[in-house]
Enquirer: 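I have a structure I would like to understand better, so I am pasting it below and will then ask my questions one at a time.
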Amino acid sequence: MKKYDEAFFKGDRQLFQAHDFEMTDSEFGIGQSPLKEVENVKLDNVTFKFKYPLWYAKHVKVDRSFFEDMSRSGIWYTDDIEINDSSLQAPKLFRRSQNIRLNRDHFSDADQTLWMCKNIEMNHVQARGDYFGMNSENIKADHLDLIGNYCFDGAKNIEIHNSNLMSKDAFWNCENVTIYDSKLDGEYLAWNSKNITLVNCVIEGTQPLVY
C-alpha cells in the first residue's frame, strides 16, 4: 500500500482514481475534487480546504481530520466511509451516499448535510445546522446532540438513543421512527409522519404530534 506523509497538494483532481494508499499529516489546498473516485484509502490528520474532496469514493477511513468551511458539498455519491474524531466545518456534506459511520465528530455547519443517504450510524456526534438528515433512511444514532431546524424531514427507519435535539419542525413526513431516552425541543414535532415511538423521552413544543 502506498503511503503519503506530510504531503501538500493543490490543483484539481490531484489524486483522481487513486487506490490502496494511506495518508498522514497532509493537506489539500485550493483545487476541486482532490480525491474523486478513490478506493481503499486511509486518512489520518488530513486537512481539506476546498470543494468536493470525496466524490464517488469507496472504502474510506478518516481519522482526526479537518474539512474546512470551503470544502462544501464534500462527500457525495460515496459508499462505505468511516470518519472518527474529526472536525467537519462545511455545509452540504454527505449526499446520495451510503454505509456511513460517524464517531465522535463535530459538524459546526451542518446545513443540508446527510441528504438522501442510506445506512448511517452516528455515535457521540455534535452538529449545528438546518435540514440535517433530509430524505435519508436506515439511521441509527446514539448520543447525537443536534441544534438545527427541520431535521430528518422525509427520513425513514430511524432509531435514536440518549440524544438532545433542538429542532423546530423535526421528523416531518417521516416513517418508522423510534427514539429512546432523549430530549426533543422544538415547535411542531412529527407532523404528517407515521409509526413514531417515543420511549422515556422529554418533549417540549407548541403543537407536537399533530397531523
Enquirer: Taking the side chain as every heavy atom from C-beta outward, state whether Ile160 and Met122 have any atom pair closer than 4.5 Å.
Expert: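 Counting from C-beta outward, Ile160 and Met122 never come under 4.5 Å.
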Enquirer: Does a donor on one side chain and an acceptor on the other come within less than 3.5 Å for Glu159 and His161?
Expert: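 Result is yes, a qualifying pair exists.
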Enquirer: Once you measure the plane-to-plane angle for Trp76 and Trp55, does it fall in the parallel (<30°), tilted (30-60°) or perpendicular (>60°) bin?
Expert: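 Parallel.
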Enquirer: With a 6.0 Å cut-off (strictly less than), is the heavy-atom count around NE2 of His19, excluding the residue itself, greater than 12?
Expert: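 No, the 6.0 Å shell around NE2 holds no more than 12 heavy atoms from other groups.
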Enquirer: Tell me, with the steps shown, if Ile139 and Leu114 meet side chain to side chain contact (heavy atoms under 4.5 Å, CB included).
Expert: CA-CA 10 Å; Ile139 302 164; Leu114 284 171; over 6 Å; no
Enquirer: Specify the closest pair of heavy atoms between Gly31 and Pro34, including all atoms of both residues, with the distance to one decimal.
Expert: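 The pair with the smallest heavy-atom distance is O-CD, 3.9 Å.
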Enquirer: Is there a donor-acceptor contact under 3.5 Å from the side chain of Asn119 to the main chain of Gln98?
Expert: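 No, Asn119 side chain to Gln98 backbone: no donor-acceptor pair under 3.5 Å.
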Enquirer: Would Asp5 and Lys3 count as a salt bridge (Lys or Arg N to Asp or Glu O under 4.0 Å) if you check the C-alpha gap in whole Å, the side-chain angles of each, and the deciding distance to 0.1 Å?
Expert: CA-CA 7 Å; Asp5 185 40; Lys3 295 185 179 181; over 6 Å; no
Enquirer: Might you point out which heavy atoms bring Trp172 and Ser193 nearest each other, and give the distance in Å?
Expert: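 Looking at all heavy atoms of both residues, the closest pair is C-OG, 3.5 Å.
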Enquirer: Using atom types as modelled and distance alone, determine if a side-chain donor or acceptor of Thr206 lies under 3.5 Å from a backbone N or O of Glu187.
Expert: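 No, because the side chain of Thr206 does not come within donor-acceptor range (under 3.5 Å) of the backbone of Glu187.
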Enquirer: Any carboxylate oxygen within less than 4.0 angstrom of a Lys/Arg side-chain nitrogen, looking at Lys58 and Asp79?
Expert: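 Asp79 and Lys58: not salt-bridged.
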Enquirer: Take atom CZ of Arg128 as the centre, draw a 6.0 Å sphere, and report whether it contains more than 12 heavy atoms from other residues, nucleotides or ligands.
Expert: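 Count not over threshold, so no.
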Enquirer: Mind telling me whether Phe9 and Phe28 have parallel, tilted or perpendicular rings, with 30° and 60° as the class edges?
Expert: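 If you compare the ring of Phe28 with that of Phe9, the planes turn out parallel.
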Enquirer: Would the distance check show the side chain of Thr78 and the main-chain N or O of Ala57 forming a donor-acceptor pair, the cut-off being under 3.5 Å?
Expert: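 Flag set: sc Thr78 to bb Ala57 pair under 3.5 Å.
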Enquirer: If you take all heavy atoms of Ser86 and Ser65, which pair is closest and at what distance?
Expert: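 Taking Ser86 first and Ser65 second, the nearest heavy atoms are OG-N, 3.0 Å.
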Enquirer: If you apply the rule side chain to side chain contact (heavy atoms under 4.5 Å, CB included), what do you find for Asp153 with Met134, and how did you get there?
Expert: CA-CA 5 Å; Asp153 191 346; Met134 186 173 182; 4.2 Å; yes
Enquirer: Let me confirm one number: the NZ-SG distance from Lys194 to Cys174, rounded to the nearest 0.5 Å.
Expert: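 Answer for the NZ-SG pair, Lys194 versus Cys174, is 11.5 Å.
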Enquirer: Check for me, please, whether Val60 and Phe50 land in the same ILVMFWY cluster - side-chain distances under 4.5 Å, paths through other members count.
Expert: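 Cluster IDs for Val60 and Phe50 differ.
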Enquirer: With the side chain counted from C-beta on, respond yes when Asn135 and Trp115 share a heavy-atom pair under 4.5 Å apart, and no when they do not.
Expert: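 Of all side-chain heavy-atom pairs linking Trp115 with Asn135, none is under 4.5 Å.
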Enquirer: Roughly how far apart are Tyr188 OH and Asn149 CG, rounded to 0.5 Å?
Expert: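 Interatomic distance, Tyr188 OH to Asn149 CG, rounded to 0.5 Å: 12.0 Å.
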Enquirer: If you define the side chain from C-beta out and look only at heavy atoms, does anything of Val177 sit under 4.5 Å from Phe152?
Expert: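 The answer is no; the side chains never approach within 4.5 Å.
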Enquirer: To the nearest 0.5 Å, what is the distance between SG (Cys151) and CG (Asp130)?
Expert: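 Nearest 0.5 Å value for the SG-CG distance: 9.5 Å.
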Enquirer: Return the minimal non-hydrogen interatomic distance between Phe48 and Ser71, and the atom names on each side.
Expert: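 It is O-CB, 3.9 Å.
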Enquirer: State, with a plain yes or no, whether a side-chain heavy atom of Trp191 is found less than 4.5 Å away from one of Gln207.
Expert: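 Contact flag for Trp191/Gln207 side chains = yes.
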Enquirer: Check whether Asn173 reaches the backbone of Gly154 with its side chain - one donor and one acceptor, N or O, closer than 3.5 Å.
Expert: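 Not at all, since once roles are kept as given, no pair shorter than 3.5 Å links the two residues.
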Enquirer: So, Asn123 versus Glu121: side-chain donor-acceptor pair below 3.5 Å or not?
Expert: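 No, because no side-chain N or O of Asn123 sits under 3.5 Å from a partner of the opposite role on Glu121.
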Enquirer: About how many Å separate CG of Asp185 and CE of Met166, when rounded to the nearest 0.5 Å?
Expert: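 Going from CE on Met166 over to CG on Asp185, the span is 4.5 Å.
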Enquirer: How close do Lys49 and Met70 get, heavy atom to heavy atom, and via which atoms?
Expert: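 Result for this residue pair: O-CB, 3.3 Å.
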Enquirer: Evaluate the side-chain proximity of Asp12 to Tyr52: yes if any heavy-atom separation is below 4.5 Å, no if none is.
Expert: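 Side chain of Tyr52 against side chain of Asp12, heavy atoms only: no contact under 4.5 Å found.
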Enquirer: Are Leu15 and Val41 side-chain neighbours, meaning at least one heavy-atom pair lies under 4.5 Å?
Expert: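 SC-SC contact between Leu15 and Val41 ruled out.
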Enquirer: Taking the side chain from Thr197 and the backbone from Thr178, do they hold a donor-acceptor pair closer than 3.5 Å?
Expert: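 Judged by distance alone, no pair lies under 3.5 Å.
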Enquirer: Asn45 and Thr24: side-chain donor and acceptor closer than 3.5 Å?
Expert: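 Asn45 vs Thr24: no donor-acceptor pair found between side chains.
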Enquirer: Does the side chain to side chain contact (heavy atoms under 4.5 Å, CB included) test come out yes or no for Asn176 and Lys156, once each step is laid out?
Expert: CA-CA 6 Å; Asn176 307 327; Lys156 298 179 181 179; 5.5 Å; no
Enquirer: With heavy-atom distances below 4.5 Å as the criterion, would you say the side chains of Phe67 and Val46 are in contact?
Expert: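 They are not in contact (no side-chain heavy atoms under 4.5 Å apart), so the answer is no.
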Enquirer: Hey, any chance Ile196 and Leu189 share a hydrophobic cluster, counting ILVMFWY side chains that come within less than 4.5 Å of each other, even indirectly?
Expert: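 They do share one cluster, since a chain of ILVMFWY contacts under 4.5 Å joins Ile196 to Leu189.
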Enquirer: Do Ser163 side-chain atoms and Asp142 backbone N/O form a donor-acceptor pair below 3.5 Å?
Expert: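 No, Ser163 side chain to Asp142 backbone: no donor-acceptor pair under 3.5 Å.
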Enquirer: Considering the options Leu54, Ile120, Leu102, which one meets the side-chain contact (heavy atoms from CB on, under 4.5 Å) requirement together with Phe94?
Expert: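 Option passing the side-chain contact (heavy atoms from CB on, under 4.5 Å) with Phe94: Leu102.
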Enquirer: Should Asp44 and Lys61 count as an ion pair when the cut-off is N to O under 4.0 Å?
Expert: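 Result for this pair is no, no salt bridge flagged.
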Enquirer: Rounded to the nearest 0.5 Å, what's the gap from CD1 on Ile203 to CG on Leu165? Could you check?
Expert: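 Going from CD1 on Ile203 over to CG on Leu165, the span is 11.5 Å.
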Enquirer: If you compare all heavy atoms of Ala90 against all heavy atoms of Asp69, which two are closest, and at what distance to 0.1 Å?
Expert: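 Heavy-atom minimum between the residues: CB-O, 3.6 Å.
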Enquirer: Run the salt bridge (Lys or Arg N to Asp or Glu O under 4.0 Å) check on Asp85 and Arg104 step by step: do they pass?
Expert: CA-CA 5 Å; Asp85 305 298; Arg104 303 172 302 279; 2.7 Å; yes
Enquirer: What verdict does the side chain to side chain contact (heavy atoms under 4.5 Å, CB included) test give for Glu204 and Lys183, after you've listed the backbone C-alpha separation in whole Å, the side-chain angles of each residue and the deciding distance to 0.1 Å?
Expert: CA-CA 8 Å; Glu204 295 183 4; Lys183 182 176 181 180; 3.7 Å; yes
Enquirer: Could you walk me through whether His59 and Asn40 satisfy the side-chain hydrogen bond (donor to acceptor under 3.5 Å, both in side chains) test, starting with their C-alpha distance in whole Å, then the side-chain angles of each, then the deciding distance to 0.1 Å, before giving a yes or no?
Expert: CA-CA 5 Å; His59 315 309; Asn40 298 326; 4.6 Å; no
Enquirer: Find out if a path of hydrophobic residues (ILVMFWY) with successive side-chain heavy-atom gaps under 4.5 Å connects Leu35 to Tyr4.
Expert: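 Yes: a chain of side-chain contacts under 4.5 Å links Leu35 to Tyr4.
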Enquirer: Got a second to check how far Phe107's CZ is from Asp145's CG, nearest 0.5 Å?
Expert: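 Output value for this atom pair is 13.0 Å.
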Enquirer: Between Glu82 and Arg101, does any side-chain N to carboxylate O distance fall below 4.0 Å?
Expert: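 Arg101 and Glu82: salt-bridged.
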Enquirer: Heavy-atom distance under 4.5 Å between the side chains of Leu88 and Asp105, does that happen here?
Expert: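 A side-chain contact under 4.5 Å exists here.
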Enquirer: Applying the 4.5 Å side-chain criterion to the ILVMFWY set and letting contacts propagate, would Phe171 and Leu209 be lumped into a single cluster?
Expert: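 Result: yes, single cluster for both.
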